[in-house]
Amino acid sequence: MRVGISLFMLLTLPCLLSLPFLNAQSPPAAGISARSLDALLQDYAFMAFIRPRTGVPYDGQVPSKLKGIKVSALRLRSGSLRTRGVPSYKEFQIPTGVVEQPYVERLVLVYHNLGNWSEQFYPLPGYSYLTPVLGLLAYSAANLSATELPELDIRASDKPVLMKFPDVKPTPFGSIAKCVYFDLHGSVQFDKLSDENACSTSQQGHFSIVVESNAPSPAPAAGAGEENGVKKNNSRVWIIVGSLVGGVVLLIILALLVAKVRKSKRGMKIQQMEWAADNSSDTLQMTSIGGTKAPLAVGTRTRPTIEDDYIP
Ligand SMILES: *[C@@H]1O[C@H](CO)[C@@H](O)[C@H](O)[C@H]1NC(C)=O
Ligand SMILES: *[C@@H]1O[C@H](CO)[C@@H](O)[C@H](O)[C@H]1NC(C)=O
């Protein structure tokens, strides 16, 4: 019976464990990486330009499969960006002194608001977003029909670029909200959040506000699954893992109990036998040999020799 239970557990455990992870490993709904998204959004942002006026932001349209993402484009002379900045471009406040590398005469600042797609494209295990992920990326404005443009490298040399997040979800009690910054190469940095829900940066990239989530970080088995939305599945995973562990412990306890009952039954049987033997001394005489009782037949030819100090 115990072999049966272990076999059953061995067979079902991996299946049960892999269920939620299989679910999590499905690619993001749009099936594209964060960097491919940047390239796509550059294209959609530039498409918003029809006879664009310099210094005016234009909102772009994203395809329906990316519904929920907002994109805008702002064309500027690089001299104007450096000497005047952009006091307000969506959530961003660009100070004077921002310069691009390599130099271009005109550039386009593309704005992203990833909305409900933030976690899909910028998964951050162990953290939850309090605001959508925003992006600010710079491209050359030399050819407004160009696609797959490389980003320019922009740096705030004087004061940092500020972003003020209007709708920040309330920070859970006991948690500390932090600014998070993703550069274009995929590295992540955390920074202090200012009193008025503002973050600052000296470079382009993607930005948001996060808190450490109380949920335990995903099991290493989740590996590739962390890419997209494991956090949502986390509670489910932990419920399943928890009940599995509970079940296993219960089964072990049960097995131990069964073993104990069997053992005590056997003990009872022996006792009964001994008792029966003790009470039928007229047929068999009991004697002690080294701690155990053994029947001793009277008058047999070969009497067992009792060795008092026999040590087995
Ligand atoms: C975001 O919301 C839109 C509807 O506004 C929906 O079509 C889209 O599937 C959502 N995206 C994700 C990743 O949930
Ligand atoms: C602009 O880019 C488009 C698409 O890549 C290309 O077909 C076109 O020739 C370019 N125009 C100029 C002036 O470079």
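Note that ligands are numbered from 1 as they come in the structure, with each ligand's atoms numbered from 1 the same way.
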Can an N or O of Asn116 be found at a distance shorter than 3.5 Å from an N or O of ligand 1?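 N/O-N/O distance below 3.5 Å exists for this pair.
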
Closest non-hydrogen protein atom to atom 4 (C) of ligand 2, residue and atom name please, with distance?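 The answer is Ser145 O, 3.6 Å.
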
What is the closest protein heavy atom to atom 5 (O) of ligand 2, and at what distance does it sit?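 It is Ala146 CA, 4.0 Å.
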
What's the shortest heavy-atom distance between Leu76 and Thr54, and which atoms?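 Shortest heavy-atom contact: CA-CG2, 3.9 Å.
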
Are Glu100 and Arg106 within salt-bridge range, i.e. N to O under 4.0 Å?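 Looking at Arg106 together with Glu100, the answer is no, because their closest N to O distance does not fall below 4.0 Å.
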
Going by atom types alone, do Thr147 and Asp43 pair a side-chain donor with an acceptor below 3.5 Å?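 The answer is no; no qualifying pair exists.
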
Going by atom types only, do Gln61 and Tyr44 share a side-chain donor-acceptor pair under 3.5 Å?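 No - no donor-acceptor pair under 3.5 Å links their side chains.
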
For atom 10 (C) of ligand 2, which of the options Leu144, Thr147, Asn143 provides the nearest non-hydrogen atom?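 Considering heavy atoms of Leu144, Thr147, Asn143, the nearest to atom 10 (C) of ligand 2 sits in Asn143.
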
Can you find a protein heavy atom under 4.0 Å from atom 7 (O) of ligand 2?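 No, because not a single protein heavy atom sits under 4.0 Å from atom 7 (O) of ligand 2.
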
Are Tyr122 and His206 an aromatic pair by the rule of ring centers under 6.0 Å?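 Between His206 and Tyr122, which both carry aromatic rings, the centre distance is below 6.0 Å.
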
